Amino acid sequence: HQSELTRRIYRAAGTEFNINSAKQLGEILFEKLNLPILKKTRKTGSYSTDQAVLEELAREYELPRLILEYRQVAKLKSTYVDALPALINPATGRIHTSFNQTGTATGRLSSSEPNLQNIPIRSELGRLIRSAFVPEKGNLLISADYSQVELRILAHLSEDEVLISAFQAGEDIHDRTAREVFTEEELKDRAECRRRAKVINFGIIYGLSAFGLAQTLGISKEAAQSFIDAYFNRYRGVRAWLDRTIEETRRTGYTKTLFGRIRPIPDIQSKDFNLRSFAERTAVNSPIQGSAADIIKIAMIRVHRSLRESKLSAKILLQVHDELVIEAPEAEVEKVRKLVREEMEKAATLKVPLKVEVNVADNWMDMK
DNA sequence: CCTGACTCC
DNA sequence: CATGGGAGTCAGG
């Protein structure tokens, strides 16, 4: 645990210091121990000690490895373990978040005080925090999440033939991209190819560059560029849509979601390359992320209405961008499962089906 | 109050 | 030339 980690860090550093201070840590790593300076921070030009830097240094040195572990534990403790119990409302015995409906640029909701849209799930230790979220006695939690909703929206918007046929056939989209992009020889390591294809698929939605892909996959920029070229060679419709969307945004000055939500993108006409590049990535991402936000909002209304009309007492507890968490009496679970899937899948009719995964458990950790 | 770090989709 | 979209919270300074 944390105190043991702290001792080991002081020993590796050869001195005691405030581990939470990026400034002090930078001085220890790069001035006292003379580790290689891989990156400076953007605004202040100080030594970067971010995750990517520490991970690279951790290949050769002990201290950065310990710091990474310390930071993970410290964050989980301060943000969740220490903070959440104090926010239990004595009247209800529950934590109540605020959902903000006008805070984001794309139409997503945000959640605050506390943010229940960023409860840990990826790390083993972090996941344990989810097990503290439980339903009332006699009830169960139901989680319903849209499968690959943003890539399905991309398929719809771009009308790309390969993407559409993959989703219509119910294929694993990352596997399909792997088969489209990589050679027979490369595909012998199927798992690695799928992992890379997944990074590419998501990256496309964010306007990924060869440099960014190279960084993420730990490969050369040239190799990354050839993957991207291979992707666009197979997904011609996606390339055309990206180009068309940027061109149209440049002309009109705004982007629009499937349901008409507008986001002004003034920088798209900037002469500053940096500003304009950010604007172009925003212009392709916003209609995708924003349409997904539109769809789940429609789904929330449909689910709520349908639960009421069916005289069910199940309640929507949370929305986490592509997921709804519902609390239902055990006796209602089978009905609610079916109802939620249907209402979410029918919230919008696209050129590809919307698919929803439903899971049930007696706590939020065991739901997947 | 800003920055940089960590958490999520 | 810089280099993946959208958020919130925490600690340090």
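Quick note on labels: first sequence line is chain A, next is B, and so on, each numbered from 1. In this text, all values refer to a predicted model and were calculated from it rather than measured experimentally.
Atom CG of A:L217 and atom C1' of C:dT3 are 15 Å apart (whole Å). Rounded to a whole Å, the CG atom of A:L318 is 15 Å from the C1' atom of C:dA7. The interatomic distance linking A:N118 (CG) with C:dG6 (P) rounds to 17 Å, in whole Å. Atom CZ in A:F211 sits roughly 8 Å away from atom P in C:dG4 (whole-Å rounding). To the nearest angstrom, C1' of C:dG5 lies 12 Å from NE2 of A:H321. B:dC9 atom C1' lies 13 Å from atom CG of A:L324, rounded to whole Å. At whole-Å resolution of the value, CD in A:Q117 and P in C:dG5 are 20 Å apart. The interatomic distance linking A:E27 (CD) with C:dG12 (C1') rounds to 13 Å, in whole Å.
Counted by atom type alone, A:T255 and A:T249 present zero donor-acceptor pairs between their side chains at under 3.5 Å. Checked by atom type, the side-chain pair A:N100/A:S110 shows a donor-acceptor distance below 3.5 Å.
The base of C:dG4 is paired with the side chain of A:T216 by a donor and an acceptor separated by under 3.5 Å.
The existence of a salt bridge linking A:R94 and A:E136 is confirmed by a sub-4.0 Å separation between a basic side-chain nitrogen and an acidic carboxylate oxygen. The pair A:R239-A:D160 fails the salt-bridge criterion, with no side-chain N (NZ, NE, NH1 or NH2) lying under 4.0 Å from an Asp/Glu carboxylate O.
A distance-only check finds a donor-acceptor pair linking the side chain of A:T97 to the backbone of A:S112 [under 3.5 Å]. Between the side chain of A:S310 and the backbone N or O of A:L312, no donor-acceptor pair lies under 3.5 Å.
A:R305 CZ: 12 or fewer foreign heavy atoms inside a 6.0 Å radius.
When all heavy atoms are compared, the tightest approach of A:L258 to A:S291 is N-OG, 2.9 Å. The shortest heavy-atom contact between A:K297 and A:R261 is NZ-NH2, 3.4 Å.
Nucleic acid contact class of A:L109 (heavy atoms, under 4.0 Å, all strands): none. In this structure, A:R263 reaches the sugar-phosphate backbone alone: every heavy-atom distance under 4.0 Å involves primed, P, OP1 or OP2 atoms, never a base. Residue-level contact check: A:I119 touches the backbone only, with heavy atoms under 4.0 Å from sugar-phosphate atoms and none from bases. Nucleic acid contact for A:E113: sugar-phosphate only, since backbone atoms but no base atoms lie under 4.0 Å from a heavy atom of the residue. Residue-level contact check: A:Y146 touches neither bases nor backbone, having no heavy atom under 4.0 Å from any strand. Here A:E323 lies out of heavy-atom contact (under 4.0 Å) with every strand. Counting any heavy atom pair closer than 4.0 Å across all strands shown, A:R108 reaches a base atom. A:G212 comes within 4.0 angstrom of sugar-phosphate atoms only, judged by non-hydrogen atoms across all strands, and of no base. Counting non-hydrogen atoms under 4.0 angstrom, A:Q215 reaches nothing in the nucleic acid.
Checking the phosphate oxygens (OP1, OP2) of C:dG6, no side-chain nitrogen or oxygen of A:T104 falls inside 4.0 Å. The side chain of A:T79 contributes no N or O atom lying less than 4.0 Å from OP1 or OP2 of B:dT7. The phosphate of C:dG13 (OP1 or OP2) has a side-chain N or O of A:Q24 nearer than 4.0 angstrom. For the pair A:R281 and C:dG5, the criterion of a side-chain N or O lying under 4.0 Å from OP1 or OP2 is met. A:N115 has no side-chain polar atom (N or O) that falls below the 4.0 Å cut-off from OP1 or OP2 of C:dT9. Between A:R71 and the phosphate of C:dC10, there is no side-chain N or O to OP1/OP2 separation shorter than 4.0 Å.
Note that CD of A:Q269 and CG of A:D267 are 9.5 Å apart. Values are rounded to the nearest 0.5 Å. Note that CG of A:L5 and CD of A:Q72 are 10.0 Å apart. Values are rounded to the nearest 0.5 Å.
Listed nucleotides B:dG4, C:dA2, C:dC10 differ in distance to A:S78; the shortest reach to its side chain belongs to C:dC10. Closest to the side chain of A:R122, out of B:dC9, C:dC10, C:dC1, is B:dC9. Comparing atom distances between the A:S46 side chain and each of C:dA11, B:dG4, C:dC10 picks out B:dG4 as nearest. Of the candidate nucleotides C:dG6, B:dA5, B:dC9, B:dA5 has the atom nearest to the side chain of A:K75. Considering only the side chain of A:Q289, C:dG6 comes nearest among B:dT7, C:dG4, C:dG6. The side chain of A:S209 sits closest to C:dT3 out of C:dC10, C:dT3, B:dC9. Taking every side-chain heavy atom of A:R130 into account, B:dC8 is the closest of B:dC8, C:dG12, C:dG5. Taking only side-chain atoms of A:Y80, from C-beta outward, the nucleotide of B:dT7, B:dC9, C:dA2 with the closest atom is B:dT7. Of the listed nucleotides (B:dC9, C:dG13, C:dG5), B:dC9 has the atom at the smallest distance from the side chain of A:D322. Of all nucleotides listed (C:dT3, C:dG6, B:dA5), B:dA5 comes nearest to the side chain of A:A22.
The separation of C:dT3 from B:dT3, taken at their P atoms, amounts to 16 Å, rounded to a whole angstrom. C:dA2 sits 24 Å from B:dC6 when the P atoms are compared, rounded to a whole Å. Here the separation of C:dG4 from B:dC2, taken at their C1' atoms, is 24 Å to the nearest Å.
Judged by centroid separation below 5.5 Å and plane tilt below 30°, A:Y206 stacks onto the base of C:dG5.
The stretch residues 49-68 of chain A touches DNA chain B through A:T49, A:D50, A:Q51, each having a heavy atom under 4.0 angstrom from the strand.
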